[in-house]
Amino acid sequence: MGDTVQAVMDRMVPDLEDMQRKGVFTREEVRAIAARRRDHEYLARRRQARKVDFLRYIEYELNLEILRKIRRKKFPGDVSLCLQHIDFAAKQTSTKILSRIFGRALQLHPHNAGLWIKAASWEFFDCANAVAARVLLQRALRINGVNQRLWVQYFRLEWCYLQKVIGRQQVLGLIEDDSEGGEGVGDAGGLDIPEVQGEGESSGPDFSQVAAAEQEEGKASQKKRSASRQVVMSDATKQFYKGGVPLAIFRAARKALPDDIALRGHCLQVCCTEFPELSKHVQSAILDSLKEDFPASAEAWALRAQHPLLVLQGYEDEDLAAVVDAEGQCIQAFEAAVKSSAGDGADIWLQYSQFLHARLSEADVSRAVDLSAVLEGVLQRAVNQVLCTAKAESGISASAQQALPELTLQYASLLLHAGGRDSDVRAVLEKTREVCPADVNTALFLAALLQREALLANPSSESGHTMAQEVLRSALKAQPSPSSPGIPRLWQAILELLQCAATAGSAVDDDSDSDTMRDEIQRAYKDAITACAHPDHGHHEALADFVKGYHALLLESEGLTAASAALQWCCDSFGLRAAAGADAMTKRGGIAIVMLHTIACTAYTWCGTVELWNAYHDFELQEGKPQAAAAIAWRAQQQGISLTDA
């Protein structure tokens, strides 16, 4: 048995030495680990093995693995291990240890907002230590003064503390509960004692009337005490109960982040959805800051307009009538924003339509009909106003350049869904294309619509394919730079359009037309590859797809020789080096050519994706060539790609 145990221990030596060399364990700790493992091995290999010995061995190894992961010497910058260590200590309910872990983690990662928030949350909610939680977030903000998350969480923390203080005061009867009828936890008549009825014909006094009189007297005395407390309460105390501390935090955050609209939005959401009754005064202050700091911002207008609906989210029971009324208030606010906007108001129109879309997705059937009519009218007015402004000013603003295509697509989709005529939709799209010729989405929508119109009029006609291709190619010419992300999408649409036309033409059985269409598809593939081949343009994945499709087309229509020649053309024209020699490519068949060329497209000036390398590796294994698969794995490693990452 001793030889067997020694052999097992010898196999552990390299791993233990590696952990010692990397600083995970000290020399003394490694010796202690080896001694404990030797003891466990002897116990596990005794003649009469016991279950408890194996369980203890397993428990020791699990604890050792946890300790190995949380050692910071090896991974000083890994936040995930800190979080694992924190979660493990929290499960063990070890407050002192967890406090030390938080302290050490925050020293290592002082700029990680999530760690500060997690520590403050633990102090406040688990340890009931509001002072420590407040100090943590104040330290975090001294280090990370422009971190929006920290400001919002500090704002929320003070609301939670105020809510806890008010709840404690109500329980002690020091302030009234503002629940139904003014009666709550702190009322004098807190217990509901049942009346004891007299037996038989008792002529004694009516105790129910006495109890009622005492109850009325108690309410009167409670009101007097409440009035006296209100007189004694100082102005500072009143401000505290109105949310003075959260308001001070919001003002400090507003000063630290003067241009951050999202900060105001997050604080407003905290007030409305979590503390709707307590925060009415602070809500007004936030809305005023949005109006003062961002008078012309569409995002700020949207936050102010949607405030009535946001308030309703803080209450459990939402009355349908209240929701409809709040929606009406929001619509009125958006209309006011549109009227006060300067120029085309494209950004505000877009916010307005997005709000209506969101409400439409949540509305019931009866309400959806009304909202759909409102949305259609809003989109029609928005598109017309932006187009008229662009025509009057002989140009379109930068904001409208982004907003108009989206408004147009929303309007076109709504018209088609409502059964509108294709000609009306096409007219709107064409007007937008005149002022936004480089927009890819409107070009794709218009091309699909033209193709649909032509197919419905005459299924055998090719006019729809021709007009759709003209739209797509004009959008290609209008792209501002060769690195525009819409270029691969447009070329992909052109190729799909041509392939669809080829499929429809194959039914006619005309060889000359079929050859012409195939040549046109090949030219389109070559143009697409040329447009995406430059390594600095960022079209790497699209390039690989185009080359793969080009070779699949040639392999099917003209054979292996033509496919190999196309691969050579790519290598010669764009500097893409082949993944293997020409002899290997010609002997492996069509699938190998596609795989090899895909790798060739990604291996010259940039690294291929893990999926492509794994596909190539798996292909070699399926072909029964483990040595070739190993060579692929080695080449991937040279490119900095580990095939085990898939």
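By the 4.5 Å heavy-atom criterion applied to side chains, Cys272 and Gln283 are counted as neighbours. Between Arg139 and Leu106, every side-chain heavy-atom pair lies at or beyond the 4.5 Å cut-off. Two residues are said to be in side-chain contact when any heavy atoms from C-beta on lie closer than 4.5 Å; Ser289 and Arg264 meet this criterion.
Looking only at distances, no side-chain donor or acceptor of Ser99 sits under 3.5 Å from a matching main-chain atom of Thr95. At least one donor-acceptor pair under 3.5 Å links the side chain of Ser279 to the backbone N or O of Cys271.
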Between Gln269 and Thr273, does a side-chain hydrogen bond (donor to acceptor under 3.5 Å, both in side chains) hold up when you go through it step by step? CA-CA 6 Å; Gln269 187 174 14; Thr273 59; 5.1 Å; no
Throw together a table of side-chain donor-acceptor distances under 3.5 angstrom for residues 146-153, partners on residues two or more places apart or in other chains.
{"unit_1": "Asn147", "atom_1": "OD1", "unit_2": "Arg149", "atom_2": "N", "d": "3.1"}
{"unit_1": "Asn147", "atom_1": "OD1", "unit_2": "Leu150", "atom_2": "N", "d": "3.1"}
{"unit_1": "Gln148", "atom_1": "OE1", "unit_2": "His266", "atom_2": "NE2", "d": "3.1"}
{"unit_1": "Gln148", "atom_1": "NE2", "unit_2": "Asp260", "atom_2": "OD1", "d": "3.3"}
{"unit_1": "Gln148", "atom_1": "NE2", "unit_2": "Asp260", "atom_2": "OD2", "d": "2.9"}
{"unit_1": "Trp151", "atom_1": "NE1", "unit_2": "Gly145", "atom_2": "O", "d": "2.8"}
{"unit_1": "Gln153", "atom_1": "OE1", "unit_2": "Arg156", "atom_2": "NH1", "d": "3.1"}

Show me the donor-acceptor pairs, under 3.5 Å and distance only, between side chains in residues 113-133 and residues at least two apart or in other chains.
{"unit_1": "Trp116", "atom_1": "NE1", "unit_2": "Pro110", "atom_2": "O", "d": "2.8"}
{"unit_1": "Asn129", "atom_1": "OD1", "unit_2": "Val131", "atom_2": "N", "d": "3.4"}
{"unit_1": "Asn129", "atom_1": "OD1", "unit_2": "Ala132", "atom_2": "N", "d": "3.1"}

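In this structure Arg50 satisfies the side chain to side chain donor-acceptor pair (under 3.5 Å) test together with Asp53, sequence neighbours excluded. With sequence neighbours excluded, no residue forms a side chain to side chain donor-acceptor pair (under 3.5 Å) with Asp545. Residues satisfying the side chain to side chain donor-acceptor pair (under 3.5 Å) criterion with Glu327, sequence neighbours excluded, are Arg359, Arg367.
Rounding to the nearest 0.5 Å gives a distance of 10.5 Å between NE2 of His109 and CZ of Arg104.
Both tests do not hold together for Arg134 against Tyr154: distance to the six-membered ring centre under 6.0 Å, angle to the ring axis within 45°.
Sorted by first and then second residue, the side-chain hydrogen bond (donor to acceptor under 3.5 Å, both in side chains) pairs involving residues 31-40 (not counting sequence neighbours) are Arg37-Glu61.
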